[in-house]
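To start, the structure itself, in structure tokens.
Chain identifiers are assigned alphabetically (A, B, ...) following the order of the sequence lines, protein sequences preceding nucleic acid strands; residue numbering begins at 1 within each chain.
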Amino acid sequence: MCGRFHLLATAEQVAALYGVAVTQLMPRYNIAPTQPIAAVRHSRTGGRELTYFHWGLIPSWSKDTKFASRMINARSETAHEKPSFRAAYKRRRCLIPVTGFYEWQKVASGKQPMCITAADAQNGSLLSFAGLWEHWQSADGSEIESATILTGAPNELMTPIHNRMPIFIEPDDFDLWLDASAPLPAVQSLLRCYPAEKLRAYPVSTHVNTPRNDDPTCIAPLIP
DNA sequence: CCAGACGTTGTT
DNA sequence: GTCTGG
DNA sequence: CCAGACGTTGTT
DNA sequence: GTCTGG
């Protein structure tokens, strides 16, 4: 699963990796479900754009937004067939830039939050979650664009921590992932387990548990 | 035909 | 919207 | 994901 | 325990 992450790259770094215009990017140490998340998608004019989406996908046919908080993740194994996700899976894929994410590992004393980043992480080392987005319009005409993060089986690093992890897309595969007309078997081939050697994990304090804590303490290594 | 569901995770 | 259950 | 609420009435 | 909010 993936229920919390951080984005600590500069606007320039995001702009360079995805080839999008980024005007401003506030550092976010603790991004939680229901909050706006930045994601890259194909724009109507043919290029790419960075837009903000409500984290928690709202299917276009929903009567209200109550379902959204349970739609923060979609199983990569079944998203192509689930009523809530299949339309978005076919035509509305996106990339969610992150510099790391959090998982809570069950231990004897309770739950230990772990921070996972790129193995070679410098400040601003970006990874890309595979995401889906959807457009929703309420009866009174208000509109919401929302998104979800695809999950899959854990790699060797993540297995002791949790039984699920997010799907990552590598830069060479960005075009294919974002292409609404790409053949689905090719798209499906991208839903693979990200290599353990490209990630590292370390414990952090329970400071990160509270969503309103959005500061450097969230990512600070826990000193035992 | 209409009504009702449509999800993931973890835990049991 | 689309599928399943009644 | 975790944190925090979980209720009604009448009055201001 | 279970739901809502962030």
Roughly how many Å apart are [M] and [N], using the [atom1] atom of each and rounding to a whole number?
N      : M     : atom1 : answer
E/dT2  : D/dG7 : P     : 15 Å
B/dT9  : D/dC1 : C1'   : 10 Å
D/dG10 : E/dC3 : C1'   : 28 Å
D/dT8  : B/dC6 : P     : 28 Å

So, does [X] use its side chain to make a donor-acceptor pair with the main chain of [Y] at under 3.5 Å?
X        : Y        : result
A/Thr159 : A/Asn155 : yes
A/Trp136 : A/Ser62  : yes
A/Ser125 : A/Ala118 : no

Atom of A/Tyr102, atom of A/Tyr29 and distance for their closest heavy-atom approach:
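The answer is OH-O, 2.6 Å.
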Nearest non-hydrogen partners of A/Ala196 and A/Leu157, listed with the distance
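Distance-wise, the nearest heavy atoms are CB-N, 3.7 Å.
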Tell me what [X] touches on the nucleic acid: a base, only sugar-phosphate, or nothing, going by heavy atoms under 4.0 Å.
X        : result
A/Thr151 : sugar-phosphate
A/Arg75  : sugar-phosphate
A/Ile72  : base
A/Lys66  : nothing

Starting at CH2 of A/Trp55 and ending at C1' of E/dG6, how long is that distance when rounded to a whole Å?
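Going from CH2 in A/Trp55 over to C1' in E/dG6 covers 11 Å.
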Taking A/Met114 as the starting point, is it possible to reach A/Trp104 by hopping between hydrophobic residues whose side chains are less than 4.5 Å apart?
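No, A/Trp104 and A/Met114 fall in different hydrophobic clusters.
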Short side-chain donor-acceptor distance under 3.5 Å, [Y] and [X]:
X        : Y        : result
A/Thr117 : A/Tyr202 : no
A/Asn30  : A/His207 : no
A/Thr10  : A/Gln13  : yes

With a distance cut-off below 6.0 Å to the six-membered ring centre and an angular limit of 45° from the axis, does A/Arg41 pair with A/Trp133 as a cation-pi contact?
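Geometry flag: set, cation within 6.0 Å and 45°.
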Where do A/Tyr18 and A/Phe174 land on the ring-ring contact (aromatic ring centres under 6.0 Å, His included) test, with the steps shown first?
CA-CA 8 Å; A/Tyr18 300 101; A/Phe174 285 175; 5.2 Å; yes
Check DNA chain B against residues 76-85 of chain A and give the residues with a non-hydrogen atom under 4.0 Å, in numerical order.
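When residues 76-85 of chain A is checked for heavy atoms under 4.0 Å from DNA chain B, the hits, listed by number, are A/Thr78, A/Lys82, A/Pro83, A/Ser84, A/Phe85.
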With pairs defined as Watson-Crick or G-U wobble and both distances under 3.5 angstrom, please note down DNA chain D as a dot-bracket string, | for pairing with another strand.
||||||......
Where chain A begins and ends its contact with DNA chain D, read 5' to 3' at 4.0 Å from heavy atoms
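That gives a stretch of D/dC1 to D/dG4.
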